[in-house]
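First comes the structure, then the notes that go with it.
All heavy atoms count here, side chains included; hydrogens, waters and symmetry mates do not. Here is how names work: the chains are called A, B, and so on, in the same order as the sequence lines, proteins then strands, and each is numbered from 1.
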2 protein chains.
Amino acid sequence: MARTVFEKPDAIALVAEVFRELGYEGASMSHITARTKLSKGSLYHFFPGGKEEMAAEIMANIDTWFVMEMFRPLEEGEPRAAIARMWETTDSYFRSGRRICLIGAFALDETRDRFSAAIQGYFYRWIEALAGALVKAGLPGAEAKTLAEEAVVGIQGALTLARALGDDTIFGRTLTRLKERLESALA
Amino acid sequence: MARTVFEKPDAIALVAEVFRELGYEGASMSHITARTKLSKGSLYHFFPGGKEEMAAEIMANIDTWFVMEMFRPLEEGEPRAAIARMWETTDSYFRSGRRICLIGAFALDETRDRFSAAIQGYFYRWIEALAGALVKAGLPGAEAKTLAEEAVVGIQGALTLARALGDDTIFGRTLTRLKERLESALA
DNA sequence: GACCTTCTAAACTGATCGGTCTATAAGATA
DNA sequence: TATCTTATAGACCGATCAGTTTAGAAGGTC
């Protein structure tokens, strides 16, 4: 029998896309094996804890990616450049709105109860990192917090509407609007 | 055997809450029977088409409610009063952010494919109705469209974050911000 | 080559899935 | 009271679920 060898990072990325398309409950093991071409043997070898472990590792993986690519630059880099980079990173990560936020989707059903700490931490840190950069760029704390919250709210809402309306333009339009709002606050 | 008699509108409301909590795939028939106290016999009596028919009727029900309570007033009533009423209706319908938007949640996983027309129509009409009221209140069409879209995006994003963060205040804060933005555009 | 670890393939299991069916309870009509 | 309609209860069905197990393929180490 033909044997394809995968490594765990590949497995995580492949399974993540299935969860993203079908949701946690909607992604059955047979969907996952069919779409990823990983056999059950492989999946349970990499993730002995089954679906729950897959989802936990995927979320940890996403979290690490955001920390490296967005949160740390916001926290440690030159604030205006890091914010500019955040908009680009956001647009490319979410494929201009054609790819949903798995963490946000998990927040909406009872999957949230399984992973509440990870979900909460992801959004909390995003808002805090952006607010911190805005403060470093010269805004008062309260205004920075409000604007940061508004930005993350807008990104999540735009992802929902992009998907709901099947509209490829609303995400970019929303990002531009949010970006301009931050820039005019910093001007 | 004790026999409890339900009427169909009760069944719709009860099942809706289960979908809202668990999502479409997460809400199994046994969850639904356990939480609603409706037996399978009753459920399939009211909804011969099973889960799919339940979800379709629930969405139609929500849609009708929004049309009556929000979209029609926006389309036909005095625009400023209708917009003011929209914010109140939104806050109370979503229980200040403790209740999610079922239509928005369905948009995020493959449930969307089953109900895409209903999902798309709901958001499209909401944005159109609000934009129409803004035009009637004196705004240029393009600005009205942008502001309406921003409002609905913000509401959906705030629902996601309210749930993700377990934060009871973010929804109200976002509604207030969006409301003020519309008011200053109209001033 | 012998051995060992890592990984894959798929048959298999018991539980749960969505959905069907039968029996009957309760009210309406007469 | 007899009958008819509507709605409820829950046993039952085949399919699919998540997860386990067995067997062996591939590659590294000696």
Side-chain angles (χ1 to χ4, degrees), chain A residues 1-59 61 102 105-106 109-115, chain B residues 1-59 61 102 105-106 109-115:
Chain A
M1 200 110 326
R3 199 182 113 105
T4 315
V5 179
F6 294 92
E7 310 224 335
K8 189 159 177 179
D10 302 327
I12 289 176
L14 287 166
V15 177
E17 287 313 306
V18 183
F19 280 129
R20 224 182 267 279
E21 285 171 39
L22 306 180
Y24 183 79
E25 295 294 340
S28 69
M29 288 304 299
S30 52
H31 281 130
I32 295 170
T33 57
R35 298 193 182 208
T36 63
K37 311 293 178 196
L38 281 122
S39 68
K40 281 192 166 193
S42 301
L43 287 166
Y44 278 93
H45 169 71
F46 290 128
F47 311 102
K51 271 177 75 170
E52 184 145 356
E53 186 174 338
M54 291 174 206
E57 290 224 38
I58 287 165
M59 294 180 74
N61 200 62
L102 191 60
F106 280 0
D109 59 40
E110 109 290 24
T111 312
R112 184 197 60 251
D113 301 332
R114 293 174 188 257
F115 306 113
Chain B
M1 199 117 324
R3 201 181 112 105
T4 315
V5 180
F6 294 91
E7 310 223 336
K8 188 159 177 178
D10 301 327
I12 290 176
L14 287 166
V15 177
E17 287 312 305
V18 183
F19 279 127
R20 223 183 269 279
E21 286 171 38
L22 306 181
Y24 183 78
E25 295 294 341
S28 68
M29 289 304 299
S30 52
H31 281 131
I32 295 171
T33 57
R35 298 194 182 208
T36 62
K37 311 293 178 197
L38 281 123
S39 67
K40 281 193 166 193
S42 300
L43 287 166
Y44 278 91
H45 170 70
F46 290 128
F47 310 102
K51 273 178 76 171
E52 183 145 357
E53 186 173 339
M54 292 174 207
E57 289 225 37
I58 288 165
M59 293 179 75
N61 200 62
L102 190 60
F106 280 0
D109 58 41
E110 109 287 28
T111 312
R112 185 198 60 252
D113 301 332
R114 293 176 187 257
F115 306 114

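Atoms NE2 (H45(B)) and C1' (dG27(C)) sit 13 Å apart, rounded to a whole Å. Residue Y44(A) contributes atom OH, which lies 17 Å from atom P of dT13(C) at whole-angstrom precision. In this structure, F46(A) places its CZ atom 12 Å from P of dT6(C), rounding to the nearest Å. Between the CE atom of M29(A) and the P atom of dA9(C) there is a distance of 13 Å, given to the nearest Å. Rounded to whole angstrom, the span from the CG atom of L43(A) across to the P atom of dT21(D) amounts to 17 Å. Rounded to a whole Å, the NZ atom of K37(B) is 15 Å from the P atom of dT8(D). Rounded to whole angstrom, the span from the CG atom of L22(A) across to the P atom of dT16(D) amounts to 16 Å. The CD-C1' distance, from E25(A) to dG18(C), rounds to 15 Å in whole Å.
Relative to the side chain of S30(A), the nucleotides dG19(C), dT8(C), dC17(D) differ in distance, and dC17(D) lies closest.
Between A11(B) and F46(B) the shortest heavy-atom distance is CB-CD1, 3.8 Å. Shown here for V15(B) and T36(B), the closest heavy-atom pair between the two residues is N-CG2, 4.0 Å. Here the closest heavy-atom approach between residue Y24(A) and residue A55(A) is recorded as CE1-CB, 3.6 Å.
Distances shorter than 4.0 Å separate some side-chain N or O of S28(B) from OP1 or OP2 on dC17(C).
With hydrogens and angles left out, the side chain of K40(B) and the base of dA9(D) share no donor-acceptor pair within 3.5 Å.
Nucleotides of DNA chain C nearest to S39(A) and G41(B) differ in position, and the one nearer the 5' end is that of S39(A).
F115(B) and F106(B) have parallel rings, their planes meeting at less than 30° on a 0 to 90° scale where 60° marks the start of perpendicular.
Across all strands shown, A11(B) has no heavy atoms under 4.0 Å from either base or sugar-phosphate atoms.
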